[in-house]
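Take a look at the structure set out below.
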Amino acid sequence: MGSQQRGVTVWFTGLSGSGKSTIARALEEELRARDCQLEVLDGDIVRTNLTKGLGFSKEDRDENIRRIGFVSHLLTRNGVIVLVSAISPYQAVREEVRDRIEDFVEVYVSAPVEVCEERDVKGLYKKARAGEIKGFTGIDDPYEPPTHPEVDCRTHEETLTESVNKVLAKLEELGYIQPAATPASV
Ligand SMILES: Nc1ncnc2c1ncn2[C@@H]1O[C@H](COP(=O)(O)OS(=O)(=O)O)[C@@H](OP(=O)(O)O)[C@H]1O
Ligand SMILES: Nc1ncnc2c1ncn2[C@@H]1O[C@H](COP(=O)(O)OP(=O)(O)O)[C@@H](O)[C@H]1O
């Protein structure tokens, strides 16, 4: 695709353990196979670099999201596909970022908290329940679901391949990528 590619920010929002990073990683692989130019901004990596020092208060989370949004905006307008994974629990700042980025696709990764807690990928829900982590999203901190996401990945009832294909289909429908000869089978 090279210089012809249109940039877009694909913003994954959802609870910890909902599947944001897993879907983004699989999507990255699929898009690289299609020679797309892309960058991945994953919550954990961003928080050890771009937003190091920020915590999990509402103010700090909003600041985290604004900075990620700023970088995404710069990349997107230069033709890059940006895959962002961040809990981004607050609707208002998500809308702020969406308004700033012309090409923006919001993916709600919508597994219920019970399922995320059951998965407990990083053992953090256990710590939150034990009171070792305070203000954990979904346990004792809010998550405001998106009202109009472009894609809803219901990872508690669909496979990773189905989730990835939903996002790919939306990107194709909106003209950001060309349809592949064969659908992804990650
Ligand atoms: N209090 C609290 N609440 C939620 N999450 C917490 C918390 N403390 C640490 N963690 C870990 O930080 C990851 C979430 O960081 P994000 O940058 O995505 O969060 S936010 O968008 O700024 O709300 C999140 O990673 P993911 O599991 O990948 O979502 C957690 O591992
Ligand atoms: N359809 C699906 N999409 C993504 N992840 C899924 C799906 N079904 C089950 N999972 C599992 O859910 C977990 C999600 O973890 P992770 O991607 O780290 O979440 P997050 O980045 O949102 O914190 C992984 O263990 C993954 O294998």
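Starting from 1, each residue takes its place in the sequence as its number.
No donor-acceptor pair closer than 3.5 Å links the side chain of Asp60 to the backbone N or O of Leu54. Checking side-chain atoms of Arg6 against main-chain N and O of Gly79 turns up no donor-acceptor pair under 3.5 Å. Remark: the backbone N or O of Tyr90 is not paired with any side-chain donor or acceptor of Glu144 at under 3.5 angstrom.
Among all heavy-atom pairs drawn from Ala24 and Ser85, the shortest one is CB-OG, 3.6 Å. Contact detail for Ser72 and Leu41: the closest heavy-atom pair is OG-CD1, 3.6 Å. Smallest separation of non-hydrogen atoms from Ser16 and Cys116: O-CB, 3.4 Å. Contact detail for Tyr143 and Ser88: the closest heavy-atom pair is CE1-O, 4.1 Å. The minimum heavy-atom distance linking Glu106 with Pro146 is given by the pair OE1-CB, 3.5 Å. Residues Thr51 and Arg47 approach most closely at OG1-CA, 3.3 Å, considering heavy atoms.
Rounded to the nearest 0.5 Å, atoms CD (Gln5) and CD (Gln178) are 10.5 Å apart. From Asp120, atom CG reaches atom CG of Leu124 across 6.5 Å, with rounding to the nearest 0.5 Å. A distance of 9.5 Å separates OG1 of Thr9 from NE2 of His73, quoted to the nearest 0.5 Å. Rounding to the nearest 0.5 Å gives a distance of 8.5 Å between CG of Asp42 and NZ of Lys20. The CD1 atom of Ile139 sits 6.0 Å away from the OH atom of Tyr125 when rounded to the nearest 0.5 Å. Rounded to the nearest 0.5 Å, atoms CZ (Arg94) and CH2 (Trp11) are 9.5 Å apart.
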>> side chain to side chain contact (heavy atoms under 4.5 Å, CB included), that's the test. Do Glu59 and Asp62 meet it? Break it down for me.
In response: CA-CA 5 Å; Glu59 290 68 29; Asp62 282 353; 5.9 Å; no
> Which is it for Leu31 and Tyr176 under the side chain to side chain contact (heavy atoms under 4.5 Å, CB included) test, yes or no, and what are the steps along the way?
Replying inline: CA-CA 11 Å; Leu31 292 175; Tyr176 293 111; over 6 Å; no
> Are Leu83 and Arg25 close enough, and set up right, to give a side chain to side chain contact (heavy atoms under 4.5 Å, CB included), and what steps lead you there?
Replying inline: CA-CA 9 Å; Leu83 308 183; Arg25 268 197 304 273; over 6 Å; no
>> side chain to side chain donor-acceptor pair (under 3.5 Å) for Thr76 and Asp103? Distances and angles first, verdict last.
In response: CA-CA 7 Å; Thr76 300; Asp103 297 279; over 6 Å; no
>> side chain to side chain contact (heavy atoms under 4.5 Å, CB included) for Ile23 and Thr155? Distances and angles first, verdict last.
In response: CA-CA 9 Å; Ile23 300 171; Thr155 64; 3.8 Å; yes
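By the 6.0 Å contact criterion, CD on Glu102 is open, its count of non-hydrogen atoms from other residues, nucleotides or ligands being 12 or less. Atom CZ of Arg98 is surrounded by more than 12 heavy atoms from other residues, nucleotides or ligands within 6.0 Å. The environment of Glu95 atom CD is dense: over 12 non-hydrogen atoms of other residues, nucleotides or ligands sit within 6.0 angstrom.
Taking the side chain as every heavy atom from C-beta outward, Cys36 and Ile177 approach each other to under 4.5 Å. Between Val71 and Arg67, the closest side-chain pair of non-hydrogen atoms is not below 4.5 Å. Between Asp99 and Phe104 the shortest side-chain heavy-atom distance does not fall below 4.5 Å.
Contact check on Arg129 versus Glu117 returns a salt bridge, with a Lys/Arg side-chain nitrogen under 4.0 Å from an Asp/Glu carboxylate oxygen. A salt bridge links Asp44 and Lys122; the closest N-O separation between the charged side-chain nitrogens and carboxylate oxygens is under 4.0 Å.
The side chain to side chain contact (heavy atoms under 4.5 Å, CB included) test applied to Lys170 returns Val105, Glu150, Val151, Glu173, Leu174, not counting sequence neighbours. Listed by chain and number, the residues in a side chain to side chain contact (heavy atoms under 4.5 Å, CB included) with Glu158 are Cys153, Arg154, Glu162, Ser163, Lys166 (sequence neighbours excluded).
Grouping the Ile, Leu, Val, Met, Phe, Trp and Tyr side chains by contacts below 4.5 angstrom, directly or via other members, places Val84 apart from Leu38. Neither Leu15 nor Phe12 shares a network with the other; the hydrophobic side chains, linked directly or stepwise wherever heavy atoms of I, L, V, M, F, W or Y lie under 4.5 Å apart, form separate groups for each. Val109 and Ile87 sit in two unconnected hydrophobic clusters of ILVMFWY residues. Membership requires side-chain heavy atoms under 4.5 Å apart, directly or through other members. By the rule that hydrophobic residues join a cluster once side-chain heavy atoms approach within less than 4.5 Å of another member, Leu168 and Val8 end up as members of one cluster. No path of Ile, Leu, Val, Met, Phe, Trp and Tyr side chains, each step under 4.5 Å between heavy atoms, connects Val82 with Val107, placing them in separate hydrophobic clusters.
Residue Arg32 is tested with Glu28, Glu29, Glu30 for a salt bridge (Lys or Arg N to Asp or Glu O under 4.0 Å); the sole match is Glu28.
Both the sub-6.0 Å distance and the 45° axial angle are not jointly satisfied by Lys127 relative to the ring of Phe136.
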